[in-house]
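Owing to the predicted nature of the structure, the values given are computational and were not obtained by experimental measurement.
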Amino acid sequence: MSALARLTEKVADEDDRATRDFPCRACGAVVRETVVDLGMSPLCESYVPPERQDAMEPFYPLHAFVCEQCYLVQLREYVSAEEIFTEYAYFSSFSDSWLQHAEEYAVMAARRFGLGSGSRVVELASNDGYLLQYFVRAGIPSLGVEPAANVARAAEERGVRTIVAFFGRDTGAQLRADGWAASLMIANNVLAQVPDLNDFVGGIQIALAEHGVVTVEFPHVVRTIEENQFDQIYHEHFSYFSLSTVALLFARHGLEVFDVEELPTHGGSLRVYGCHAGDAAHPVEPSVRALLDREERLGVRTLAYYHAFEESVRETKRRLLEFLIQARREGKRVVGYGAPGKGNTLLNFCGIRTDFIDFTVDRNPYKHGKLLPGSRIPIHAPEKLWEAKPDYVLILPWNLKDEIVKQLEGIRAWGGRFVVPIPTLRVW
Ligand SMILES: [Zn+2]
């Protein structure tokens with residue numbers, strides 16, 4: 001074969017890969033229905049250090065699909081989980097409100113399920129031990145499973161025993177063999193990031209003790225859609241769940257949902273409680289049927305429900321750009337607040353760079369001096385905002401807006417105003 005023919009074949013292969021349908025991460029059916037196409041975007045947690053500001057940066061398609069069989073909303077895996085999560089910059093303990101959420105959970109779970117020194121608590125993607133530390137303090141034997149070695153080290157320093165691994169059936173079997181069959185397994189804000197859902201949930205089934213309980217928390221896709229939270233979509237989140245998709249997934253692995261709660265975290269999350277199917281120790285609460293019925297009425301098991309989303313996403317972009325164009329035409333100064341992953345989806349999809357926003361500020365010192373991926377907007381310490389005295393502060397982590405507005409009330413002194421883009425543009 002000539003070099004040219006080989007090259008042509010290679011290009012054809014790549015073309016093919018770019019357009020071919022792919023199998024559903026949960027049920028294996030062919031996935032081809034678009035929910036929203038957000039264009040090309042870099043990995044949203046890849047903050048650019050200043051020495052790399054003239055270097056290339058990889059962009060990947062940010063395109064959400066829905067499965068016609070099980071209605072799981074999902075991205076194709078363009079970047080492997082190993083690439084994303086083995087050296088991760090996110091340390092849960094940087095957020096006060098998040099720590100409080102963790103402590104409340106630990107107290108609730110220990111009481112509700114009667115956990116004590118004879119119990120075993122296992123957390124999957126245990127991060128820096130921000131949650132397990134509360135179980136350890138209560139004298140309940142606890143073990144973390146965390147793929148990022150740097151983050152796991154921080155957990156060990158906090159006194160939380162942690163093994164460095166991606167969780168699945170093999171790790172589940174290992175835990176059981178080592179005497180860690182779990183009375184309580186915790187998988188909070190990790191399910192979205194799991195590339196092989198069946199291996200992960202299969203592993204939970206293996207490692208869960210008799211009468212054990214698993215709780216999973218994740219942003220509720222119904223809130224994402226109903227409240228136009230398209231910036232929840234980023235490459236690190238492979239899947240977006242309703243209760244009905246999780247119930248199906250659990251059932252496939254001999255697990256059953258017996259309770260569910262709605263939480264305000266991450267713009268609206270679910271906490272789902274599961275056990276071995278048919279475990280009489282955990283009767284199914286009425287909350288489960290009630291939410292499944294509500295989801296059914298909304299239409300989560302119809303394609304039309306997902307197809308309506310894209311137009312409201314585009315309208316949000318038009319409104320935000322309209323506002324920014326007018327503000328800049330009037331010579332107003334706009335800066336950002338926060339540098340969350342979701343902000344990068346928003347800014348890159350809308351094509352907003354330093355032509356609209358001078359800089360953003362963030363409390364996490366790890367990000368100071370770096371640039372936002374893609375948009376290359378500089379990130380400074382919060383003090384910079386008080387020097388610059390901007391006319392508008394665009395709040396990127398809008399889910400924390402009440403807390404942020406309270407901290408920043410002082411901008412009123414020079415006539416500064418707040419802006420949030422989601423669910424609809426609001427200036428006040
Ligand atoms: Zn499916």
Side-chain angles (χ1 to χ4, degrees), residues 22 24-26 31 35 38 41-47 60-65 67 72-92 94-95 98 102 122-131 144-152 155 162-169 171-172 185-204 214-221 223-224 229-242 245-246 249-250 263 265-272 340-342 344-345 373 399:
F22 64 100
C24 170
R25 183 165 294 115
V31 176
V35 177
L38 297 169
S41 222
L43 295 183
C44 78
E45 297 284 348
S46 302
Y47 297 90
Y60 306 90
L62 191 51
H63 190 154
F65 293 87
C67 170
L72 178 69
V73 174
Q74 54 199 297
L75 305 185
R76 202 170 172 177
E77 187 184 346
Y78 292 102
V79 197
S80 76
E82 280 82 0
E83 270 174 79
I84 297 175
F85 298 115
T86 39
E87 189 74 28
Y88 205 44
Y90 188 78
F91 286 78
S92 299
F94 270 115
S95 161
W98 196 242
V122 174
E123 187 183 11
L124 311 178
S126 50
N127 201 269
D128 57 4
Y130 74 102
L131 172 58
V145 180
E146 165 58 46
N150 60 329
V151 182
T162 303
I163 56 172
V164 177
F166 276 96
F167 185 77
R169 287 189 182 94
T171 316
M185 281 191 100
I186 308 163
N188 288 352
N189 292 295
V190 57
L191 211 55
Q193 304 170 357
V194 169
D196 186 342
L197 282 176
N198 290 304
D199 189 45
F200 189 85
V201 177
I204 290 176
V214 56
T215 72
V216 295
E217 283 179 33
F218 51 86
H220 192 190
V221 75
R223 299 287 296 270
T224 305
Q229 302 169 357
F230 67 89
D231 57 350
Q232 302 273 23
I233 299 172
Y234 41 85
H235 296 106
E236 288 83 342
H237 287 171
F238 300 126
S239 313
Y240 305 81
F241 299 93
S242 60
T245 48
V246 167
L249 180 64
F250 272 24
L263 308 173
T265 47
H266 294 291
S269 297
L270 294 185
R271 176 184 290 153
V272 169
K342 58 160 62 88
N344 293 321
T345 291
N399 52 317

Practice task
Please report the C-alpha distance between Q193 and H237 in whole Å, then the side-chain angles of each, then the deciding distance to 0.1 Å, and finally whether the side chain to side chain contact (heavy atoms under 4.5 Å, CB included) criterion is met.
Solution key: CA-CA 5 Å; Q193 304 170 357; H237 287 171; 3.9 Å; yes
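- Residues Y60 and L43 form a side-chain contact, since some pair of their non-hydrogen atoms from C-beta on lies under 4.5 Å apart.
- Between the OG atom of S239 and the CG atom of L191 there is a distance of 7.0 Å, given to the nearest 0.5 Å.
- Of the listed residues (V221, L72, V73), just one forms a side chain to side chain contact (heavy atoms under 4.5 Å, CB included) with S242, and that residue is V221.
- Checking side-chain atoms of D128 against main-chain N and O of Y130 turns up a donor-acceptor pair under 3.5 Å.
- The closest donor-acceptor contact from the side chain of R223 to the backbone of S269 lies at 3.5 Å or more, if one exists at all.
- In this structure, the side chains of N344 and D231 stay at 4.5 Å or more apart for every pair of heavy atoms.
- Atom CG of residue N198 and atom SG of residue C24 lie 8.5 Å apart, to the nearest 0.5 angstrom.
- Of all heavy-atom pairs between A125 and V190, the closest is CB-CG2, 3.5 Å.
- The two residues Y47 and G341 come nearest to each other via the heavy atoms OH-N, 3.9 Å.
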Practice task
May I have the step-by-step check of side chain to side chain contact (heavy atoms under 4.5 Å, CB included) for E236 and C44, ending in yes or no?
Solution key: CA-CA 8 Å; E236 288 83 342; C44 78; 3.5 Å; yes
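- Nearest heavy-atom pair across L75 and A64 is CD2-CA, 3.6 Å.
- Atoms CG and NE2, on L270 and H220 in that order, are 4.5 Å from each other to the nearest 0.5 Å.
- Side-chain N or O atoms of R271 include none that pairs as donor or acceptor with a backbone N or O of V216 at under 3.5 Å.
- The line from CZ of F166 to CD of E146 is 8.5 Å long, rounded to the nearest 0.5 Å.
- Annotation: side chain of F230 is in contact with side chain of L38 (closest heavy-atom distance under 4.5 Å).
- The two residues T345 and Y234 come nearest to each other via the heavy atoms OG1-CB, 3.5 Å.
- Scanning for ring-ring contact (aromatic ring centres under 6.0 Å, His included) contacts around F241 gives F218, with sequence neighbours left out.
- Between T245 atom OG1 and Y240 atom OH the span is 13.0 Å, to the nearest 0.5 Å.
- Taking the side chain as every heavy atom from C-beta outward, I186 and V122 never approach each other to under 4.5 Å.
- Across G144 and S126, no two heavy atoms sit closer than the pair CA-OG, 3.3 Å.
- Using a 4.5 Å heavy-atom cutoff, the side chains of M185 and L124 are in contact.
- Residues T162 and V145 fail the side-chain proximity criterion, which asks for heavy atoms closer than 4.5 Å.
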Handout entry: side chain to side chain contact (heavy atoms under 4.5 Å, CB included) assessment of I204 paired with F167
Key = CA-CA 9 Å; I204 290 176; F167 185 77; 3.9 Å; yes
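- Looking at E123 and L131, their side chains come closer than 4.5 Å, going by heavy atoms from C-beta outward.
- The CG atom of N127 lies 10.5 Å from the CG atom of N189; values are rounded to the nearest 0.5 Å.
- With N399 as the partner, the side chain to side chain donor-acceptor pair (under 3.5 Å) test is satisfied by one option alone out of K342, Q229, Q232: K342.
- At least one side-chain heavy atom of F22 sits less than 4.5 Å from a side-chain heavy atom of Q74.
- Listed by chain and number, the residues in a ring-ring contact (aromatic ring centres under 6.0 Å, His included) with F250 amount to none (sequence neighbours excluded).
- Side-chain atoms of D199 never come within 3.5 Å of backbone atoms of G168 as a donor-acceptor pair (strictly under, hydrogens ignored).
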